[in-house]
Undergrad: 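I have a structure here, written as structure tokens, and I will follow up with some questions on it.
Just so you know, ligand 1 is whichever comes first in the structure, and atom 1 is the first atom listed for that ligand. One is the number of the first residue; the rest follow in order along the sequence.
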Amino acid sequence: MTLTSARRPEIKTALPGPKATEILKKDAELLSTSYMRPFPFVPHQGEGVWLTDVDGNTMLDFMAGIAVSTTGYNHPHIVQAISEQAARFMHVCLTDFPQEGVTELADRLLAHVRRPGEPWRAFFGNSGAEAVEAAIKLARNHTGRSHVISTIGSFHGRTYGAITLTGSKTKYKRGFGPLLPNVSHIPYPNPFRPPLGSTAETCGDAVLSYLEDTLFKTVIPADEVAAIIIEPMQGEGGYIVPPADFLPKLRALCDRHGILLIFDEVQAGMGRSGKFFSFQHFDVQPDIITLAKGIASGMPISAMLAKESVMTWPVGSHGSTFGGNPVAAAAALATLDLLEGRVQHPGCGENLMENAERVGNFLMAEFRKLAAEYPFIGDVRGRGLFIGVEFVDEQGNPDPKRRDAASVAMFERGLLNLDCGESSIRLSPPLILTLEEAQVGLEIVREALAAVR
Ligand SMILES: Cc1ncc(COP(=O)(O)O)c(C=O)c1O
């Protein structure tokens with residue numbers, strides 16, 4: 001593979017520079033104490049996969065605003081769609097009036113999931129958490145059952161229903177109770193850290209058996225469970241890919257008990273994994289899908305898609321003032337153009353999903369070579385540009401200290417990155433990342449790993 005040279009990030013001042021320092025100080029004084037600030041970086045201008053801060057430092061972005069900026073920054077096709085719609089109208093409430101662009105968006109999203117004889121419908125909100133709330137409301141309303149089962153390590157958002165479902169960190173729940181009743185968690189089948197005394201090969205079956213033979217026999221009557229919600233590839237919990245047969249078997253279990261299966265595709269969906277939905281890597285179909293993040297290249301919009309046979313809630317029972325905003329919907333349609341290859345992005349082959357697969361495979365292969373050189377990289381996993389790299393100590397236990405040191409070393413050299421799980425770094429760059437830009441990122445990673453060895 002020949003790689004032409006791509007520019008390196010440009011760090012002109014020690015980070016944070018003078019302007020950033022000023023803004024960070026005000027930010028610390030004025031904004032909510034709940035915000036995290038993993039790195040002292042204050043963005044000013046974006047272009048493609050590059051972000052320049054207020055002091056003129058340019059960074060290569062391997063986090064895309066937490067897996068959001070699918071088409072990079074300021075993609076001309078997205079900017080044009082937003083401008084044209086903004087000039088027409090920026091808001092007319094979808095709860096009251098249908099809108100051309102939103103109807104088209106529903107059709108084009110649903111085209112990726114519906115099968116002959118199986119119609120689907122779409123509900124639009126503003127955030128991932130809202131899509132998740134809509135999904136659990138619909139599941140309860142449709143089934144007349146109240147229990148919802150989620151997974152340990154999951155992240156579903158910050159609203160009350162969503163934090164109750166979330167199973168990744170207790171800090172999201174501490175001091176906020178009481179939460180939603182009738183929610184339980186089962187382990188996620190993580191092949192690298194198999195739960196319930198299982199192995200990489202048996203972890204899926206172990207989780208299913210725990211659910212069927214323990215939980216349903218001792219704690220929750222299966223016929224009172226409305227839904228099981230799961231990330232087909234777990235994001236915040238560590239960018240984990242379950243064993244190939246797990247989701248189809250979970251589907252069969254749900255069918256046996258009349259339980260709805262909700263796939264939370266907020267982080268792994270929208271082409272990031274190399275397929276439109278991450279569950280499409282497995283032979284399985286859910287009843288409900290939640291989508292947000294990458295759907296509109298950074299404009300706030302989310303969707304809850306459900307089989308028509310499930311979306312039976314009555315008129316007026318659910319809605320949102322801003323949900324399905326027409327400007328955000330225009331950005332989503334333009335994002336789909338690029339994902340599906342109706343509009344081609346130069347240098348990215350036929351479409352962005354194909355690019356995600358190609359560049360993701362390249363990155364994973366290179367990271368696996370690095371793992372052979374640096375034993376503290378315990379696992380490299382993922383699909384497409386949804387990649388997790390787990391740091392371990394000499395005993396193979398999670399090593400968050402080394403992970404944090406590596407993450408800072410990458411940042412200091414100009415690579416924006418983000419942690420996930422107990423000791424992993426997630427690579428979730430814009431899907432327009434080229435092989436050349438990936439190579440630049442890898443050069444920085446190599447330097448950073450050498451610095452923390
Ligand atoms: C899988 C998943 N679901 C839901 C959410 C919540 O999305 P939002 O922050 O837009 O509410 C997230 C956010 O990280 C997520 O990763």
Undergrad: To which protein heavy atom is atom 12 (C) of ligand 1 closest, and what is the distance rounded to 0.1 Å?
TA: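 Ranking protein heavy atoms by distance from atom 12 (C) of ligand 1, first comes F155 CD2, 3.5 Å.
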
Undergrad: Just which atoms of ligand 1 are under 4.0 Å from any heavy atom in A129?
TA: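 So the atoms of ligand 1 that pass are 6 (C), 7 (O), 8 (P), 11 (O).
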
Undergrad: Say whether H156 and ligand 1 are in contact under the criterion: heavy-atom distance to a ligand atom below 4.0 Å.
TA: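 True for this residue.
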
Undergrad: At what distance is the nearest protein heavy atom to atom 16 (O) of ligand 1, and which residue and atom is it?
TA: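 Sorting protein heavy atoms by distance from atom 16 (O) of ligand 1 puts Q267 NE2, 2.7 Å first.
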
Undergrad: If you count the atoms of ligand 1 from 1 in the order shown, which ones are under 4.0 Å from a heavy atom of D264?
TA: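 So the answer, numbered in order with elements, is 1 (C), 2 (C), 3 (N), 4 (C).
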
Undergrad: Any N or O on G157 sitting closer than 3.5 Å to an N or O of ligand 1?
TA: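 No - when backbone and side-chain N and O of G157 are compared with those of ligand 1, no distance drops under 3.5 Å.
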
Undergrad: Would you say atom 8 (P) of ligand 1 touches the protein, meaning some protein heavy atom is under 4.0 Å from it?
TA: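 So far as the 4.0 Å threshold goes, atom 8 (P) of ligand 1 is in reach of a protein heavy atom.
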
Undergrad: Using distance alone, determine whether K293 and ligand 1 share an N or O pair under 3.5 Å.
TA: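 Among all N and O atoms of K293, at least one is under 3.5 Å from an N or O of ligand 1.
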
Undergrad: Is the distance between the ring centroids of H75 and H345 under 6.0 Å?
TA: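 Ring centres of H75 and H345 closer than 6.0 Å.
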
Undergrad: Would the distance check show the side chain of T202 and the main-chain N or O of D205 forming a donor-acceptor pair, the cut-off being under 3.5 Å?
TA: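 No; judged by distance alone, with no hydrogens or angles, the pair does not exist.
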
Undergrad: Does the ring of F376 carry R402 above it, NZ/CZ under 6.0 angstrom from centre and within 45° of its axis?
TA: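 Yes; both conditions hold, so R402 lies above the ring face of F376.
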
Undergrad: If we ignore angles and hydrogens, is there a donor and acceptor under 3.5 Å between the side chains of D399 and S423?
TA: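 Checked: D399/S423 side chains show no N/O donor-acceptor pair below 3.5 Å.
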
Undergrad: Give the atoms of ligand 1, by number and element, whose distance to some non-hydrogen atom of S127 is under 4.0 Å.
TA: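 Those of ligand 1 that fall under 4.0 Å from S127 are 10 (O), 11 (O).
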
Undergrad: Please identify which atoms of ligand 1 are closer than 4.0 Å to at least one heavy atom of E231.
TA: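 Those atoms are 1 (C).
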
Undergrad: Just say parallel, tilted or perpendicular for the rings of F279 and F263, cut-offs at 30° and 60°.
TA: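 The arrangement is tilted - the two ring planes meet at 30° to 60°.
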
Undergrad: Verify the distance criterion only: is there a donor paired with an acceptor across the side chains of S209 and E212 at less than 3.5 Å?
TA: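 No, E212 and S209 have no side-chain donor paired with an acceptor closer than 3.5 Å.
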
Undergrad: For the backbone of L338 and the side chain of H77, can you confirm whether one donor and one acceptor N or O come within less than 3.5 Å of each other?
TA: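 Checked: no pair found.
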
Undergrad: Starting from atom 10 (O) of ligand 1, find the nearest protein heavy-atom neighbour and note its residue, name and distance.
TA: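 The answer is G128 N, 2.8 Å.
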
Undergrad: Do R145 and E224 sit within salt-bridge range, that is, some charged N less than 4.0 Å from a carboxylate O?
TA: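 No, no charged N to carboxylate O under 4.0 Å.
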
